[in-house]
Number of protein chains: 2
Amino acid sequence: MKNSFTERGIIERIKCRVPVPEGDLLVGIGDDCSVVKRSTGILELFTVDTLVEGIHFDSSWHSPRLLGRKAVSVNISDVAAMGGYPRYALLSLGLPKGIDETWVRDFLDGFEEALGEFEVTLMGGDTVASPGGVMISVTLVGESLEGQVLLRNTAKDGDLILVSGVLGDAAAGLELYRMNKAGIHPEAYPAQIKAHLDPVPEIVLGQLLAESGLVHAMMDLSDGLATDLARLCEASGLGAEIAAETLPISTGAERVAEALACSALEWAIAGGEDYRLLLTIDPGNREKLAALVRTKLGRELFLVGRMISKHGVFLVEDGHRREISYAGFDHFIE
Amino acid sequence: MKNSFTERGIIERIKCRVPVPEGDLLVGIGDDCSVVKRSTGILELFTVDTLVEGIHFDSSWHSPRLLGRKAVSVNISDVAAMGGYPRYALLSLGLPKGIDETWVRDFLDGFEEALGEFEVTLMGGDTVASPGGVMISVTLVGESLEGQVLLRNTAKDGDLILVSGVLGDAAAGLELYRMNKAGIHPEAYPAQIKAHLDPVPEIVLGQLLAESGLVHAMMDLSDGLATDLARLCEASGLGAEIAAETLPISTGAERVAEALACSALEWAIAGGEDYRLLLTIDPGNREKLAALVRTKLGRELFLVGRMISKHGVFLVEDGHRREISYAGFDHFIE
């Protein structure tokens, strides 16, 4: 009997095999990183992310150098999501036989450059031949302090939901290339192109938020708000209500959407790879946190909704309310 | 300009980008595991190995359950090679869209079973869609004690070279399936089939050897003696001489070689995936170590050669001497 599934279905299948964390393992499958308790006060963070050619990137527009950078950034983002400090990386690289030597050199240039920017040391890895396209699997080891790590299962009913930046730029950038519409030049939308090709993980902001003690739950946005917020809700045993008109969408993304006859709101809700932070806080801490983030980093956080007791993620738009749980990007369905 | 390379060439290319280990990182790229120093006396070991369908396994004869076991075992073997204790695993699983649900269940059964046997906890991972076949990347975190971890760059001139068991059984098992010769039934050679499909990593022996203080250098045999010993020699700045008649080859492998008109000696030298330990010791410690291994585990170590100052790996057979460095299995050339 053939039966295919969604990414969520497979992860659920694996999760149910895994014993409840115990001993030194504080957090197992189901958060951005696994967390292991080490010597007094130090927590170790582990995450792995794999990028597959033809699924996660298209070599016809993704240069090897930027791909090398992105392979690092998407993993750093998982450490940022916990408020941690990235330390070491392992690289497993699957390469088609006969791949161009220049491609490998440029990929490693970008990979090394991004590691350097985040002060991460490449400590090992392996290379394998790949019968399909390029396959890049990065394991990242990070650190945090006990009591400072931010999880996704600790949101509280009534919490405000914030995001750390505009949503949908990465989807806009992807669609500029994918739809390849006559007369529309991707280079005319540099912010959206960069969001797709060379995202910037929120590592410093993540650390500030973790150290502030003002955040209840946090994760990064990799598969779209609809899906990632649904994960946070499920982990916390709660639901969420999002107000469509509050979603931060750049004018650039609006312009791309208009040019491509798409919906920027849909990208903000369901587009993947924004790598922004999604967090929940007590309503009473909103001003204090905003002041901290403004003062320390000159950044803004955007209020997009509220945690509720009813399960599910609901979008309120023009007075209508619809459920959008897990409506984000899924590579197994797409 | 197109220019393809060997696995060794790619690893060299990556190694030259990596700074010399410093600070907490004691061993970087170039050994079976990377080694990070943690709190007093504890060393942390990291390794990643990826198995790719059509390159590392053939689903027409490798059952999903045994593949799940092997994905664990080949990584445990890297920890065994350092004399360490495996603790945590991360699994990155690439699955073709529409893969059979039974396949995934059976794979996870085998994966979980092997983790349990070695008391390893699955702590996280990710799943991705794969445009090619199945892709399994496992990151393993292990532990060791300072002063007990065994490296491959610490062999000494004049050391005896030992292996922990018969060589070539895995290659014999692979060829039984791959050549699929009429009238020859793989089931008639259970030890060779098991060596290929379900190898047993030498974890307990590795720990005993590390704790004995009698071993100079150690690694596991994953790509064949010719290639792996060449790596140990290169890391130690030495060479090695192997006596063909001393190589431990099972009668089963000899029988398979005869049936398939192949050379069991060639399999012992160049066949991959034996997952035996390769170690070097001071000649004066031979009896002491043999007694320890016999008493504690009822096992034998096999003397196969000697470390020499002249660079290269040389096989002496019937009075003739030929260089066999890096003549082992390479997935990029094969």
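Values below: all heavy atoms of this structure, side chains included; hydrogens, waters and symmetry mates excluded. To find a chain, count down the sequence lines: A is the first, B the second, and so on, and within it residues start at 1. If you're wondering where the values come from, they're calculated on a predicted model, not measured in any experiment.
- Counting heavy-atom pairs closer than 4.5 Å to chain A, the top residue among L51(B), D31(B), V27(B), I29(B) is I29(B).
- Of the listed residues L91(A), L90(A), L115(A), L108(A), the one with more heavy-atom pairs under 4.5 angstrom with chain B than any other is L108(A).
- Looking only at atom types and distance, the side chain of S59(B) has a donor-acceptor partner in the side chain of E53(B) under 3.5 Å away.
- If you measure heavy-atom distances from S137(A) to chain B, the contacts under 4.5 Å come from the side chain alone.
- Contact of D109(B) with chain A is made through backbone and side chain together, with heavy-atom distances under 4.5 Å.
- For the options G132(B), P131(B), G133(B), heavy-atom pairs under 4.5 Å to chain A are most numerous at P131(B).
- Only the side chain of V36(B) comes within contact range of chain A, with at least one heavy atom under 4.5 Å from a heavy atom of that chain.
- Taking the charged nitrogens against the carboxylate oxygens, D58(B) and R178(B) have no contact shorter than 4.0 Å, which rules out a salt bridge.
- Between W61(A) and Y177(A), the ring planes lie parallel to each other; the angle is under 30°, not in the 30° to 60° tilted range.
- Counting only N and O atoms by type, the side chains of Y88(B) and E44(A) include no donor and acceptor under 3.5 Å apart.
- In terms of heavy-atom pairs under 4.5 Å with chain B, the best-connected choice from V35(A), I42(A), V48(A) is V48(A).
- Looking at D24(A), the atoms closer than 4.5 Å to chain B (heavy atoms on both sides) sit in the backbone and in the side chain alike.
- In this structure, R69(B) pairs ionically with E117(B), as a charged nitrogen and a carboxylate oxygen lie closer than 4.0 Å.
- Using modelled atom types, one finds no donor on one side chain facing an acceptor on the other under 3.5 Å when comparing S236(B) with N153(B).
- Only the side chain of R87(B) comes within contact range of chain A, judged by heavy atoms closer than 4.5 Å.
- In summary, K37(A) and E143(A) do not engage in a salt bridge, as defined by a charged side-chain N under 4.0 Å from a carboxylate O.
- Heavy-atom pairs under 4.5 Å with chain B were tallied for G28(A), G30(A), S34(A); the largest tally goes to S34(A).
- Of the two parts of V52(A), only the side chain, counted from C-beta on, holds a non-hydrogen atom closer than 4.5 Å to a non-hydrogen atom of chain B.
- Among I99(A), L66(A), L93(A), L95(A), the single residue meeting the side chain to side chain contact (heavy atoms under 4.5 Å, CB included) criterion with F107(A) is L93(A).
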